[in-house]
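Okay, structure first, notes after.
Proteins get letters first, then strands, A, B, ... in listed order; numbering begins at 1 in each.
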2 protein chains.
Amino acid sequence: MSQTRHTGPALAAPSDADNRGVIAADGTPMARIERAALVLFAASGIDAVTTRAIATRAGVAEGSIYRHFPSKEALARALFDAIHGRLYELVEDAITGAGNDFEAAVAQVVAVYCEAADRDRTLFEYHLTHMFRFGRIGSPGRPDPTALIVKRINQAMTEGDCPRGDAELKAAAALGVVLQPAAHRMAGRFSFGLSQQTDSLARASLAALRAA
Amino acid sequence: MSQTRHTGPALAAPSDADNRGVIAADGTPMARIERAALVLFAASGIDAVTTRAIATRAGVAEGSIYRHFPSKEALARALFDAIHGRLYELVEDAITGAGNDFEAAVAQVVAVYCEAADRDRTLFEYHLTHMFRFGRIGSPGRPDPTALIVKRINQAMTEGDCPRGDAELKAAAALGVVLQPAAHRMAGRFSFGLSQQTDSLARASLAALRAA
DNA sequence: AGCGAATGAGTGAACGCTCACTAATTCGCT
DNA sequence: AGCGAATTAGTGAGCGTTCACTCATTCGCT
């Protein structure tokens, strides 16, 4: 085939201790393209960022972008899928790790989001601001952290750990308790690390779940 | 002056009984431009929508857009300010109307958001998806519903209606309980009216405020 | 006839993307 | 180990297209 091979985003392995986030931090052109695109996309939105600007910031030629990604849109999607997929794994681990303890599960999931928001703020903000573009439901097989949470809430309802109700609505409300503060921080409403508020937000999230 | 006069968005008066939302529903070219732009902006994002597409949908010539708005960006901002300003008024009324009853104030504010989300879904979704573009803090004098909520929470804390804590964080968490379900509905996760869930969400929002 | 509102072809700038080419690396064979 | 062939990564000028916006003209109302 004459088609260029696209190897996908240089995802950091979970074991990559020295890594600041989901995107590989080595100095390869691909990693630099990803990081440059991420920063610009998060700041101005995908459509407002030119491939020229990405290339300049990454210190590569414009054409090099297309050695690794078939299009600007595909680059944007790869970045989104990277953080989305990583959150899926983290939420999965958090829920599994808490066993049958529902309160612990909620606390762990909240902690996952707080830590992700702090660890790589740019990446998380990109995720927040582009959920509407990429996060629509309907792609089966695509990892979906929310689906995991909904499932756990359903389990909690049958086991009596949580009052009955619409699990999707409860999940949304509980998630909102964490994501909206992240959005507010992004808007400049406060500046402390979300991780400092993990306990408080975990309590609030659980309270919302039980009240909704 | 040789400058075209721009009269601003045709906001519906609150007394306009037959009006479906914030944007005037009469058949003037300006109203049709606003509605067309709103629908397209909400569906695809501002940058992805062309002035040609707006004009076509509104049934006017492309040049007519510029008789009413100095630029596409200004049109987009006017639409955002319209819904943002309207929410400010509604939240103000809700809080004032509840007097010293904090629980009632929370319930009323939640009801305001739920009703706004249902009354003109397109407008509310445009608001949700473009908060990141227009909603950054730092423009004093600009109406800001969240600031109202923060103020009311501070009052509740001094009056003992709400445990002490960071009011900005509490406000964000409480708002998240409502806005995230709106976002999830937008993403296709469920389809019922948010107004049906006002009571449930009001309870959850209050619980989050008290637990955070 | 007069005049503001509306028009839509036209404009220059800027966009995403291509492609012919070079440089560097890996491969296969002896 | 040595060496030419093959493959891949990187380049940047340039392409065709599309965009937001303009303005000379037309429309429609009094």
Side-chain angles (χ1 to χ4, degrees), chain A residues 1-11 23-24 26-80 130 133-134, chain B residues 1-10 24 26-80 130 133-134:
Chain A
M1 54 149 151
S2 63
Q3 185 87 357
T4 307
R5 205 125 36 95
H6 296 111
T7 48
L11 277 182
I23 306 298
D26 57 15
T28 65
M30 184 168 175
R32 282 186 294 123
I33 288 167
E34 287 175 346
R35 180 50 65 175
L38 177 67
V39 169
L40 296 172
F41 288 165
S44 316
I46 295 164
D47 293 336
V49 174
T50 67
T51 50
R52 263 188 256 280
I54 296 168
T56 300
R57 182 173 242 272
V60 302
E62 210 180 337
S64 296
I65 294 170
Y66 295 89
R67 291 277 163 214
H68 301 284
F69 302 94
S71 67
K72 187 178 91 163
E73 184 72 15
L75 166 55
R77 173 157 243 125
L79 290 171
F80 185 86
H130 290 84
R133 187 191 268 239
F134 298 121
Chain B
M1 56 151 151
S2 64
Q3 183 87 357
T4 307
R5 206 128 36 95
H6 298 109
T7 48
D26 58 13
T28 66
M30 184 168 175
R32 282 188 291 124
I33 288 167
E34 287 176 344
R35 180 50 63 175
L38 176 68
V39 170
L40 295 172
F41 288 165
S44 317
I46 295 165
D47 293 335
V49 174
T50 68
T51 49
R52 238 189 273 281
I54 296 169
T56 301
R57 181 173 245 270
V60 300
E62 211 179 337
S64 297
I65 294 170
Y66 294 89
R67 186 159 307 280
H68 300 286
F69 302 93
S71 68
K72 186 179 93 163
E73 184 72 15
L75 165 57
R77 172 157 245 126
L79 290 171
F80 186 85
H130 290 84
R133 186 192 268 238
F134 298 120

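Pairing each heavy atom of B/L75 with each of B/I65, the nearest pair is CD2-CG2, 4.4 Å. The two residues B/Y66 and B/S71 have their closest heavy-atom pair at CE2-CA, 4.0 Å. The nearest pair of heavy atoms linking A/F69 to A/M30 is CZ-CE, 4.0 Å.
Residue pairs that meet the salt bridge (Lys or Arg N to Asp or Glu O under 4.0 Å) test with at least one member in residues 47-63 of chain B, sequence neighbours left out, are B/D47-B/R133, B/R52-B/E62.
Distance, A/H68 NE2 to C/dC17 C1': 16 Å, rounded to whole Å. When rounded to the nearest whole Å, the span between CD1 of B/I54 and C1' of C/dG8 equals 16 Å. Here C/dT18 presents its P atom at 15 Å from CZ of A/F69, a figure rounded to the nearest Å. Atom-to-atom, CD1 of A/I65 to P of D/dG10 comes out at 12 Å; the value is rounded to the nearest Å.
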Query raised in the report: What one-letter contact string describes nucleotides 20-30 of chain D from 5' to 3', where B marks a base within less than 4.0 Å of any protein heavy atom, S marks contact via sugar-phosphate atoms alone, and - marks no contact?
Result: BBB--------
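Formation of a donor-acceptor pair under 3.5 Å by the A/K72 side chain with backbone atoms of A/I46 is found in this model.
Judged by Watson-Crick or G-U wobble contacts below 3.5 Å, the nucleotide C/dT30 has D/dA1 as its partner.
With contacts defined as side-chain heavy-atom distances shorter than 4.5 Å, the pair B/L38/B/E34 does not qualify.
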